[in-house]
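Here's the structure we're looking at; comments come further down.
All figures in this text were calculated on a predicted structure; none of them were measured in a lab. Here is how names work: the chains are called A, B, and so on, in the same order as the sequence lines, proteins then strands, and each is numbered from 1.
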Protein chains: 2
Amino acid sequence: MEKDGSKDSMDAFARECRDRGLKVTYQRMEIFRVAVSTDEHPDAVTVHKRVKKRIPTISLDTVYRNLKLLAAHGLLAVVGTSGEHLRFDANRGPHHHFTCVRCGMIRDFTSEVLAALPLPREAQDLGVPLSQHLEVKGICVACEKKEQRKKEAPRHKRDA
Amino acid sequence: MEKDGSKDSMDAFARECRDRGLKVTYQRMEIFRVAVSTDEHPDAVTVHKRVKKRIPTISLDTVYRNLKLLAAHGLLAVVGTSGEHLRFDANRGPHHHFTCVRCGMIRDFTSEVLAALPLPREAQDLGVPLSQHLEVKGICVACEKKEQRKKEAPRHKRDA
DNA sequence: ATGGGTGCAAACAGTTTGCAGTTAC
DNA sequence: GTAACTGCAAACTGTTTGCACCCAT
């Protein structure tokens, strides 16, 4: 699926919706078209504004609902940790983040390999870089352990 | 400044405050102590809860104000894009982000060098990684141009 | 003493939810 | 026909702001 909102990609999207039991509504299609036609990572209000040009009566909450729904189905993603509360970081040195997708915990790590990494040219083409850090998403050891336990001992209903 | 809230680091912090004309209040010190004593990247409510143990009467908005103030002074940082609106990304392939610190624009880029990069061991120690992407912060070409113009032609008041 | 800082309460903005009517399947 | 979806309005939550008092400098 290219990021252009072409007929092909919209057809593919419609198919993916039906596959998941999601109805293919005009609103949903237009919301997706707008989202997929830009790489500015718009927020819900921006998407709403743009969709309104085609569907003047569409409501903001329909946009929210659809973006969230599509995100839940993996048809699009929420950028970074956006939308969560403000989180603060008193570690002022260069470091990277490991974010647990289960519990939301963010842990720092440092890496000499990464520190030595030159900034890719593709990024330099976009502007003057000031800092860079790697965002790793995954499942932290604590959550991993929890899930292991569930698998290993499903006969106990300790995790009702 | 180590991330331990030791007397030394607190003294250093007090000095940095005074250097910037910020008053060294009990509340401010405790807020910083909490922030710097953890790498969980707590949100304001969490910080508030912890500071309350020492200062039961502290208000949540004092915590907000101080965290924001300290962030503005570079004494701590706001994590990722947190706190902004929800932003959505329909680019489902692996890609990285260039975020402009001036205008907030986020642009995607891909990089074969990065794609080939093995995940550092330090991250694997924290859990099972699912995805990784580089977050580059800097000044985008548009903002860069704007600032150049200001420097080069200050005699014209085209940028009043 | 005095300007910044604090606490309170009220305002705000973005997001979510309940409901009744509508639409895709 | 029915379950999913939409639009509206009201609720909610995290964050910000105005104001009067207080405290570090």
Side-chain angles (χ1 to χ4, degrees), chain A residues 10-11 13-35 41-49 51-52 54-73 75-76 78-88 104, chain B residues 10-11 13-35 41-49 51-52 54-73 75-76 78-88 104:
Chain A
M10 293 311 292
D11 282 353
F13 173 66
R15 216 173 305 127
E16 288 206 67
C17 282
R18 268 186 273 260
D19 286 353
R20 294 156 199 274
L22 304 179
K23 289 188 178 172
V24 177
T25 63
Y26 185 26
Q27 289 88 337
R28 181 162 295 156
M29 292 296 275
E30 291 307 315
I31 288 166
F32 183 75
R33 186 199 304 284
V34 166
H41 310 296
D43 58 17
V45 174
T46 304
V47 173
H48 182 228
K49 246 182 245 161
V51 174
K52 255 188 173 169
R54 290 213 192 194
I55 316 179
T57 60
I58 195 170
S59 69
L60 180 56
D61 40 279
T62 294
V63 173
Y64 271 113
R65 269 189 283 231
N66 274 289
L67 289 173
K68 285 273 187 161
L69 186 68
L70 298 182
H73 280 271
L75 293 166
L76 47 79
V78 175
V79 173
T81 57
S82 74
E84 295 174 11
H85 312 167
L86 282 169
R87 280 165 161 262
F88 299 89
Chain B
M10 293 311 291
D11 282 354
F13 173 67
R15 218 173 304 128
E16 288 206 67
C17 281
R18 269 186 271 260
D19 286 352
R20 295 156 198 274
L22 304 178
K23 290 188 177 171
V24 178
T25 63
Y26 186 26
Q27 289 89 336
R28 182 162 294 157
M29 292 296 276
E30 291 307 316
I31 288 165
F32 183 75
R33 186 199 305 281
V34 166
H41 310 295
D43 59 17
V45 174
T46 304
V47 173
H48 182 228
K49 245 182 249 161
V51 175
K52 256 189 172 170
R54 290 214 191 195
I55 316 179
T57 60
I58 194 170
S59 69
L60 179 56
D61 40 278
T62 294
V63 174
Y64 272 113
R65 270 190 281 233
N66 274 290
L67 290 173
K68 284 271 187 163
L69 186 68
L70 298 181
H73 281 271
L75 293 167
L76 48 78
V78 175
V79 173
T81 58
S82 75
E84 293 177 11
H85 311 166
L86 281 169
R87 278 166 162 262
F88 299 88

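When the P atom of C:dC12 is taken as reference, atom NE2 of B:His85 falls 16 Å away, rounded to whole Å. The nearest whole Å value for the distance from the CG atom in A:Leu60 to the C1' atom in D:dA11 is 15 Å. In this structure, CG of B:Leu70 is placed 10 Å from P of C:dG5, rounded to the nearest angstrom. Atoms CZ (B:Arg20) and P (C:dG5) sit 13 Å apart, rounded to a whole Å. One interatomic measurement links the two molecules: NE2 of A:His73 to P of D:dA4, which rounds to 11 Å at whole-angstrom precision. Between the CG atom of A:Leu69 and the P atom of C:dT16 there is a distance of 12 Å, given to the nearest Å. If you measure from atom CD of A:Glu30 to atom C1' of D:dT6, you get 15 Å, rounded to the nearest angstrom. The distance from atom CZ of B:Arg28 to atom C1' of C:dG7 is 15 Å, rounded to the nearest whole Å.
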Item to check | Evaluation steps, side-chain contact (heavy atoms from CB on, under 4.5 Å), between B:Val79 and A:Phe88 | outcome: CA-CA 6 Å; B:Val79 173; A:Phe88 299 89; 6.0 Å; no
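To the nearest 0.5 Å, the span separating OG1 on A:Thr25 from CD1 on A:Ile55 amounts to 8.0 Å.
Applying the salt bridge (Lys or Arg N to Asp or Glu O under 4.0 Å) test to A:Arg15 and every residue at least two apart in sequence or in another chain returns nothing. Residues forming a side chain to side chain contact (heavy atoms under 4.5 Å, CB included) with B:Val34 (at least two apart in sequence, or on another chain): B:Val47, B:Arg50, B:Val51.
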Checklist entry - Base, backbone or nothing for each nucleotide of nucleotides 18-25 of chain D, written B, S, -, heavy atoms under 4.0 angstrom, 5' to 3'? => result B-----BS
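Looking at B:Arg20 and B:Leu75, their side chains come closer than 4.5 Å, going by heavy atoms from C-beta outward. Two residues are said to be in side-chain contact when any heavy atoms from C-beta on lie closer than 4.5 Å; A:Leu22 and A:Leu69 meet this criterion.
Dashed line: the shortest gap from a side-chain N or O of B:Gln27 to OP1 or OP2 of C:dG7 is under 4.0 Å. Between B:Ser59 and the phosphate of C:dT6, there is no side-chain N or O to OP1/OP2 separation shorter than 4.0 Å.
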